[in-house]
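See below for the structure under consideration.
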Amino acid sequence: MSKKMHVKLNVNGEDHEFLAEPRELLIYALREKLNITGPHVGCETSHCGACTVTMNGKSVKSCTVFVAQANGSEVTTVEGLGNPDALHVLQENFKEHHGLQCGFCTPGMITRAAKLLEENPNPTEEEVRFGIAGNLCRCTGYQNIVKSILSAASEMNAAKEAAQ
Ligand code: FES
Ligand code: FES
């Protein structure tokens, strides 16, 4: 067993410190050490994106990051975007437009979509499809996911305009 290292992570605004082997993957630290089980594992080849979180301002697949690399980082997962009493506008729209079925891809999909709309607040359908190309879904056929994201974007833009 390799020597454990002391890891500090800020997840969804909360500081965490724990010991981890350097080879441990961020997804397992989140799920098994911190009990943040929204991000999922759907593959072993970095394709599916079910494990997507935001790390230091970028969408990353947390199955492809060692916890050692994440030391000192700020991480946001779907749990940090909203909660059942106050859903994030994307969560609301996924619900409204049936952007999920089994829900397994959804935490990664919504976390990616939140970052995508920060990067590009007014995307075209094509840009949304390309922007979530790193996130696979076996249930929806994507159509309603795209609808949900486009609808969330227009609501967010309308709210921004109203606030100006
Ligand atoms: S678990 Fe599939 S990309 Fe991370
Ligand atoms: S809703 Fe089932 S994998 Fe996307």
Side-chain angles (χ1 to χ4, degrees), residues 5 7 9-12 16 18 20-84 87-120 123-153 155-156:
M5 57 179 290
V7 177
L9 281 186
N10 182 291
V11 187
N12 301 327
H16 297 273
F18 52 88
E21 286 185 42
R23 66 177 180 151
E24 186 171 323
L25 297 171
L26 176 58
I27 183 69
Y28 290 113
L30 292 172
R31 289 182 54 84
E32 290 172 10
K33 291 227 157 70
L34 307 182
N35 209 22
I36 297 172
T37 56
H40 290 139
V41 177
C43 73
E44 294 180 328
T45 50
S46 310
H47 287 89
C48 77
C51 62
T52 302
V53 301
T54 307
M55 182 174 125
N56 296 334
K58 288 200 172 124
S59 290
V60 304
K61 294 180 173 180
S62 59
C63 73
T64 312
V65 176
F66 289 118
V67 79
Q69 294 170 283
N71 189 19
S73 298
E74 283 189 14
V75 173
T76 305
T77 70
V78 74
E79 288 88 343
L81 294 177
N83 63 58
L87 293 181
H88 185 279
V89 61
L90 275 160
Q91 292 168 325
E92 198 65 65
N93 275 282
F94 269 64
K95 186 176 145 204
E96 180 78 12
H97 296 283
H98 307 288
L100 68 147
Q101 290 179 38
C102 76
F104 196 87
C105 72
T106 316
M109 196 64 89
I110 288 187
T111 309
R112 171 59 199 141
K115 194 72 228 167
L116 168 65
L117 293 186
E118 249 177 72
E119 293 162 356
N120 180 0
T124 61
E125 177 180 340
E126 198 180 0
E127 286 168 339
V128 168
R129 287 182 186 275
F130 186 73
I132 57 164
N135 293 73
L136 301 181
C137 176
R138 68 186 169 182
C139 305
T140 64
Y142 301 98
Q143 189 67 13
N144 286 350
I145 290 178
V146 174
K147 238 194 235 172
S148 307
I149 296 173
L150 287 170
S151 165
E155 273 182 34
M156 285 160 93

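Ligands are counted one by one from 1 in listed order, and the atoms in each one are counted from 1 as well. Residue indices begin at 1 and follow the sequence shown.
Protein N, O or S atom count below 2.8 Å of atom 2 (Fe) of ligand 2: the structure gives 2.
K115 and E119 are not joined by a salt bridge, as no carboxylate oxygen comes within less than 4.0 angstrom of a charged side-chain nitrogen. Between K147 and E125 there is no salt bridge, since no side-chain nitrogen of the basic residue lies less than 4.0 Å from a carboxylate oxygen of the acidic one.
Around atom OH of Y28, no more than 12 heavy atoms belonging to other residues, nucleotides or ligands sit under 6.0 Å away. Counting heavy atoms of neighbouring residues, nucleotides and ligands inside a 6.0 Å radius, atom CZ of F66 does not exceed 12 of them.
Using a cut-off of 2.8 Å, one finds that C43 contributes no N/O/S atom close to atom 4 (Fe) of ligand 1. Distances from atom 2 (Fe) of ligand 1 show that H47 has no N/O/S atom below 2.8 Å.
Near G42, meaning under 4.0 Å from one of its heavy atoms, ligand 1 places the atoms 1 (S). Residue C63 approaches ligand 1 through these ligand atoms, each under 4.0 Å from one of its heavy atoms: 1 (S), 3 (S), 4 (Fe). Near V41, meaning under 4.0 Å from one of its heavy atoms, ligand 1 places the atoms 1 (S). Atom numbering of ligand 1 starts at 1 in the shown order; those under 4.0 Å from a heavy atom of S46 are 3 (S).
Contacts of C48 with ligand 1, taken as heavy-atom pairs under 4.0 Å, involve both backbone and side chain.
In the model, R112 has a side-chain atom that pairs as donor or acceptor with a side-chain atom of S59 under 3.5 Å. Between the side chains of S46 and T64, at least one donor N or O sits under 3.5 Å from an acceptor N or O. For the 3.5 Å distance criterion, the side chains of E79 and N12 fail to qualify, holding no donor opposite an acceptor.
Each of P39, S62, C51 was evaluated against L26; a single residue qualifies, S62, per the side-chain contact (heavy atoms from CB on, under 4.5 Å) test. When I36, T77, T37 are each tested for a side-chain contact (heavy atoms from CB on, under 4.5 Å) with R31, only one passes: T37.
The single protein non-hydrogen atom nearest to atom 3 (S) of ligand 1 is G49 N, 3.1 Å, given as residue, atom name and distance.
Here SG of C102 is found 8.5 Å from NE2 of H40. Values are rounded to the nearest 0.5 Å.
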